[in-house]
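Have a look at the structure below, then the notes.
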Amino acid sequence: MKKNQKFIALGLVAAMAMSTVACGNQSSGETPQPETETQTQTPAEPAADTQAEAEPAPEESAAEPAAESDGSYENCTLTISWWGGDSRHEATLAAIDAFKEKYPGIEVEATYGAWSGWEDSMATMFATQTAPDINQVNWNWLEAYSADGSAFLDLNQVSDVLDLSQYDQGALDQCVVAGELQAIPVSMTGRIFYWNKTTFDKAGIGTPTTLEELMAAGETFKTVLGDEYYPLTLGEYDRMILMVYYLESVYGKAWVENGELQYTSEEVQAGLEFIQSLEDAHVIPSIQTITGDGAESLDKNPKWMNGTYAGIFEWDSSASKFNAALEEGQEFIVGDYLPDMGDYQGGFSKVSLGFAISETCAHPKEAAMLLNFLLNEDEGTTIMASERGIPLSTAALANCQAQGLLNETVAEANGKVLAWVDYPLDSQFEAAALKSSDGVYYDVMAGLSYQDYSIEEAAEVLIDGVNEALSK
Amino acid sequence: MGKNKFLKRNVGFLFILPWLIGFLVFKLYPFAASLYYSFTDYQLFEGITKYTMENYVDIFTTPKIVKALKVTFQYSFMTVPLKLVAALFIAYILNFKIKGVNFFRTAYYIPSILGGSVAIAVLWKAIFKDDGLLNTLLGFFGVNGPSWLSDPSYALFVICLLRVWQFGSAMVIFLAALKGVPEELYEAASIEGAGKWKQFFSITVPLITPIIFYNLVTQICQAFQEFNGPYIITQGGPRNSTTLISLLIYNSAFKNYEMGMASAMAWVLFIILMVFTVIAFLSQKYWVYYSDEEGR
């Protein structure tokens, strides 16, 4: 009798432990969930991001001939997803409402949320073909989730409805994977310096225009303002991108070309030494210092808000987010590239994000109509404005410029980026195995900063990681 | 008549059908599927290209995974005893007839229902960041507090503390057990001159050992599967010092899409859990007292 009880008890424990390999711990807490319709979000998006969709009824998708722009449409329900902050949600929802008013037979259901955890859930949807019809997608998602073109529709099939002539061919080419135009690029972006001029004024120096001035600013900040003040702050991924900009400026070649890393171990070591020299010269705080600030992201870090950290190296499309985070009385300005970093104009621009129609979308023509409305037509672009960066669509850009809808800071930064950077970016640069908080970039840059790695070890780990990602 | 009898005999199955379907679909199937996947190189977007034992070999040869296992053991060995002691101690105090006891019982239970929410992450960061509440308090006493969140030596402690702080559910179970200890045993012990501590260790603890055992097993299961704490507060950092194996399983499955490896890690975790559970069950005869007809 007693033994039976023990067996039953053991069985129950086994069932409980079974959840380890089945559905995991459900005892407490919550994991990020995308929201639908009227939910609200916290803006925690990266500058370059997006997603794509999928839905039933495969008969009408891939094999279909190009849609015709005869103005007719089928009554249907479309689903669309995106990530972003509150202002992006509001603008997109308003634009969707305007679309529904124009095409009363088309219902649109929206799913949207903050960036945090978004890619994880979208990846699962892409894998299971349960994503919405239209999805905001990050550029690298095309390679990651649709390398064979199976997830997203070739937009050339709906080019009679979706006006592709509004887009620069080079930008469109960046969205061609497996010979198919899998997404429509919304904007281009690149990294650039932003400065808090107020803090530099307090330190009695101007904002840096050369690398030499930047290096000198570290010591000035330390002696004039105090140990906790830094002219620039860089997280792990920021360091990686700045290192690539630096290496391209010095050596005059792209980081990766034709699927191969173009840099030797010695050259990568030089790049890592450059990053470490910034930390040693009190130009940037250590990773430990930034982690100890306890902030979810840099724009939410009180030290950025109050000017203790006086500079960032960020996506041009993120300018308004960082500007808005500053406390009153701080002056935010767009910086310049540092010409003495090297003999070449190092750096890259890339498709910030795009929209893709799912391969399994039952109504690709109507989905393309919605995209065209949001991205090209005056009525939609007036509402969307520069919520996803400076529009690539010439029609949208002209409309926004004519109406003064563009954020001036973002426009200035975008103009500087596109005028300076010159090197291509391989989409594998943003592969999850490299870019995620669990990835190689974080490991290398944090390991270097925490002094877990020597320069040589860090270079080896980085090169091995990049080569492994490129081999996939 | 026969039909009625059949219905009467089997109507119970109808009532448990929703649970049964849920168990088969959401527990048993994933359980079996994960075992299968663990012997493959299943990648979410590339499918299975080969069957292999490599995942299990990699688990014990990849430094990052070995470290995660080590951290998981450290975490469990710290939180389980601390949480049980805290829960039992507070339950013992709240078992006395003190003024406002219901308020205190509720107050101590609340943290355990907060779980691993974003609000808790914000709270914990506000307390433990470099210039947070704790270091500010320490500063009043002239102590320069460490970097709790960013120093790999301390970060795991912060995560452990979150779990220990959420002792409410274990406390409630202990409280119910303490209520079941016969009052006359304490009276007899008092007459014999036993003090409160003597009574606690000689009467209370032995009589509630089945409940201690129950809490021990459930807490071991929960501790080894802990995910929320490190996910919301440190994301496994700094330098993987709070990367528990469950977080690594999540990252492997949903960030790197390596479902085969994630399944193998989950199975290793399952086996570890079963070993500890079996050890706990086998140890019963040495320390758990059951007051049924067979006694111990």
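Below, read A as the first sequence line, B as the second, and so on, with proteins coming before strands; counting in each chain starts at 1.
Of all non-hydrogen atoms in B:Leu44 and A:Ala127, the two that sit nearest each other are CG-CB, 3.4 Å. Between B:Phe254 and A:Thr124 the shortest heavy-atom distance is CD2-OG1, 3.8 Å.
Using a 4.5 Å cut-off between heavy atoms, A:Thr289 touches chain B through its backbone atoms (N, CA, C, O) alone. For a residue to count as touching a neighbouring chain, one of its non-hydrogen atoms must lie under 4.5 Å from one of that chain's; by this rule B:Glu258 touches chain A with the side chain only. Within the 4.5 angstrom heavy-atom criterion, only side-chain atoms of B:Ser147, from C-beta onward, approach chain A. Residue contact with chain B, scored on non-hydrogen atoms closer than 4.5 Å, involves the backbone of A:Ala144 exclusively.
Ranked by non-hydrogen atom pairs under 4.5 Å with chain B, the options A:Asp452, A:Asp438, A:Thr128 are led by A:Asp438. Counting heavy-atom pairs closer than 4.5 Å to chain B, the top residue among A:Ser146, A:Ala431, A:Ala446 is A:Ala446.
Evaluation of the side-chain contact (heavy atoms from CB on, under 4.5 Å) rule for A:Phe429 yields A:Tyr237, A:Met240, A:Ile241, A:Val244, A:Trp255, A:Phe348, A:Leu425, A:Tyr441 as partners, not counting sequence neighbours. Not counting sequence neighbours, A:Tyr453 has no partner by the ring-ring contact (aromatic ring centres under 6.0 Å, His included) test. Every residue two or more places apart in sequence or in another chain that forms a ring-ring contact (aromatic ring centres under 6.0 Å, His included) with B:Phe73 is listed here: B:Phe77, B:Phe224, B:Phe276.
The structure places CZ of B:Phe45 at 9.0 Å from OG of A:Ser150, a figure rounded to the nearest 0.5 Å. Remark: A:Tyr450 OH to B:Ser150 OG distance equals 5.0 Å, nearest 0.5 Å.
Atom OH of B:Tyr56 sits in a crowded spot, with more than 12 heavy atoms from other residues, nucleotides or ligands closer than 6.0 Å. A:Glu468 CD: 12 or fewer foreign heavy atoms inside a 6.0 Å radius. Summarising the local packing, CG of B:Asn144 is surrounded by 12 or fewer heavy atoms from other residues, nucleotides or ligands at distances under 6.0 Å.
Proximity of the aromatic rings of A:Phe126 and B:Tyr257 is defined here by a centroid distance below 6.0 angstrom, and this criterion is not met.
Between B:Arg239 and A:Asp443 there is a salt bridge, since at least one side-chain N of the basic residue sits less than 4.0 Å from a carboxylate O of the acidic one.
Within residues 122-132 of chain B, the residues approaching chain A closer than 4.5 Å by heavy atoms are, in numerical order, B:Lys125, B:Lys129, B:Asp130.
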